[in-house]
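Computed from a predicted model, the values in this text were never measured in an experiment. So that the names make sense, note that chain A is the first sequence line, chain B the second, and so on, each numbered from 1.
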Protein chains: 2
Amino acid sequence: MSDNKAKTLKPTSDAVEILHRRLYEGKPARLKNLEEARANEEIARKIQELRAAAALTQTQLAKLIGTTASVICRLEDADYEGHSLAMLRRIAGALNQRVEIRFVPIRRSA
Amino acid sequence: MSDNKAKTLKPTSDAVEILHRRLYEGKPARLKNLEEARANEEIARKIQELRAAAALTQTQLAKLIGTTASVICRLEDADYEGHSLAMLRRIAGALNQRVEIRFVPIRRSA
DNA sequence: CAGTCTATTCGCAATATTGCGAAAACGCAA
DNA sequence: TTGCGTTTTCGCAATATTGCGAATAGACTG
């Protein structure tokens, strides 16, 4: 539903992890991108979960926040990188939630 | 430092709260704006705190994330409403933090 | 199969945020 | 007071995000 692409059919062993090591080991720049991608994925999934929990279609949620279904769909796309606080707050508001933002220290280690 | 305006000199009693009641009681729309304003204020203050904790000037932090001091100043302005995830992440990254986002249920009561 | 509802993708206009330099204001110490 | 570093404000160009319709795809039912 979310992850619109990357439908890799279950890899033989843990090739994914091997690939991960090969590509990202000791490369902070790439790692950072990876982290961001994961964060975006998480946001997308969370929006979709909240909407589902409220038993709303994309169209219904869209109307609640004054936009269209295609916009909601874009937000729920795991590959979407344009999430904004403003939009997250609109979604949250319509679903009786609020957006909490925290800065948490990161452990820089291996 | 942060709150660039609204330097009301300590009110007589709790006039602030009285004013609050008069203006916002039972008015969700206004309340929502108020909440957003508070959230923005909090973000601004947090950025300023993180920067101070790292012992950086606005110019120094600006260079770390590839922008200028005026941009940092704008972010630390309590009245600024344009905070974006992208920018918060850049700040966090430069300060060895990560941005955590959570949707938390809101209590709709008096 | 057709019909219906939902979700997804695309393109472009509209709005919002960022980039950035310059000038002014501030705080502090000599 | 002057000088110096920092912060704040302003204006506008550049980039990013949103708005939105239309077309397509998927899932499900009769």
A.B. asks: Nearest to the side chain of A:T57, heavy atoms from C-beta on, is which of C:dT9, C:dT6, D:dT18?
C.D. replies: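 Taking heavy atoms from C-beta onward, the closest nucleotide is C:dT6.
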
A.B. asks: Quick one: A:E81 CD to D:dT18 C1', roughly how many Å, whole number?
C.D. replies: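 Taking atom C1' of D:dT18 as the reference, CD of A:E81 is at 16 Å.
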
A.B. asks: Whole angstroms only, please: what is the CD-P distance between A:Q60 and C:dT6?
C.D. replies: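 Distance, rounded to whole Å: 7 Å.
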
A.B. asks: For D:dT18, take OP1 and OP2 only and decide whether either is under 4.0 Å from a side-chain N or O of A:Y80.
C.D. replies: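 Yes, such a contact exists.
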
A.B. asks: What integer distance in Å separates B:I72:CD1 from C:dG21:P?
C.D. replies: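 That distance rounds to 14 Å.
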
A.B. asks: Side-chain N or O of B:S84 versus OP1/OP2 of C:dT18: is the shortest distance under 4.0 Å?
C.D. replies: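 Yes.
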
A.B. asks: Charged N to carboxylate O under 4.0 angstrom, A:E76 versus A:R51?
C.D. replies: yes

A.B. asks: Kindly indicate whether the side chain of A:I91, heavy atoms from C-beta on, has any atom under 4.5 Å from the side chain of A:Q97.
C.D. replies: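 In short, these two side chains do not touch, never coming nearer than 4.5 Å.
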
A.B. asks: May I ask you to check whether over 12 heavy atoms, not counting those of A:E49, lie within 6.0 Å of atom CD?
C.D. replies: yes

A.B. asks: How many whole angstroms separate atom CG of B:D77 from atom C1' of D:dC10?
C.D. replies: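 These atoms are roughly 13 Å apart.
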
A.B. asks: Is B:R51 close enough to D:dT7 that one of its side-chain N or O atoms is under 4.0 Å from OP1 or OP2 there?
C.D. replies: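 Checking D:dT7 against B:R51, a side-chain N or O does come within under 4.0 Å of OP1 or OP2.
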
A.B. asks: Polar atom pairs between nucleotides 13-16 of chain C and protein, under 3.5 Å, N or O only, would you list them?
C.D. replies:
none

A.B. asks: Using a 4.5 Å cut-off on heavy atoms from C-beta on, say whether the side chain of B:I47 contacts that of B:L88.
C.D. replies: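 B:L88 reaches B:I47 side chain to side chain.
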
A.B. asks: Base, backbone or nothing for each nucleotide of nucleotides 19-30 of chain D, written B, S, -, heavy atoms under 4.0 angstrom, 5' to 3'?
C.D. replies: BBB---------

A.B. asks: CD1 of B:I47 versus C1' of C:dT18: gap in Å, rounded?
C.D. replies: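 It is 13 Å, rounded to the nearest whole Å.
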
A.B. asks: Distances under 3.5 Å between protein N/O atoms and the N/O atoms of nucleotides 23-28 of chain C, please, pair by pair.
C.D. replies:
none

A.B. asks: If you round to the nearest 0.5 Å, how far is CD of B:E36 from CZ of B:R38?
C.D. replies: 13.0 Å

A.B. asks: Could B:E100 and B:R98 be called an ion pair, given the rule that one side-chain N must be under 4.0 Å from one carboxylate O?
C.D. replies: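 Salt bridge flag = yes for B:R98 with B:E100.
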
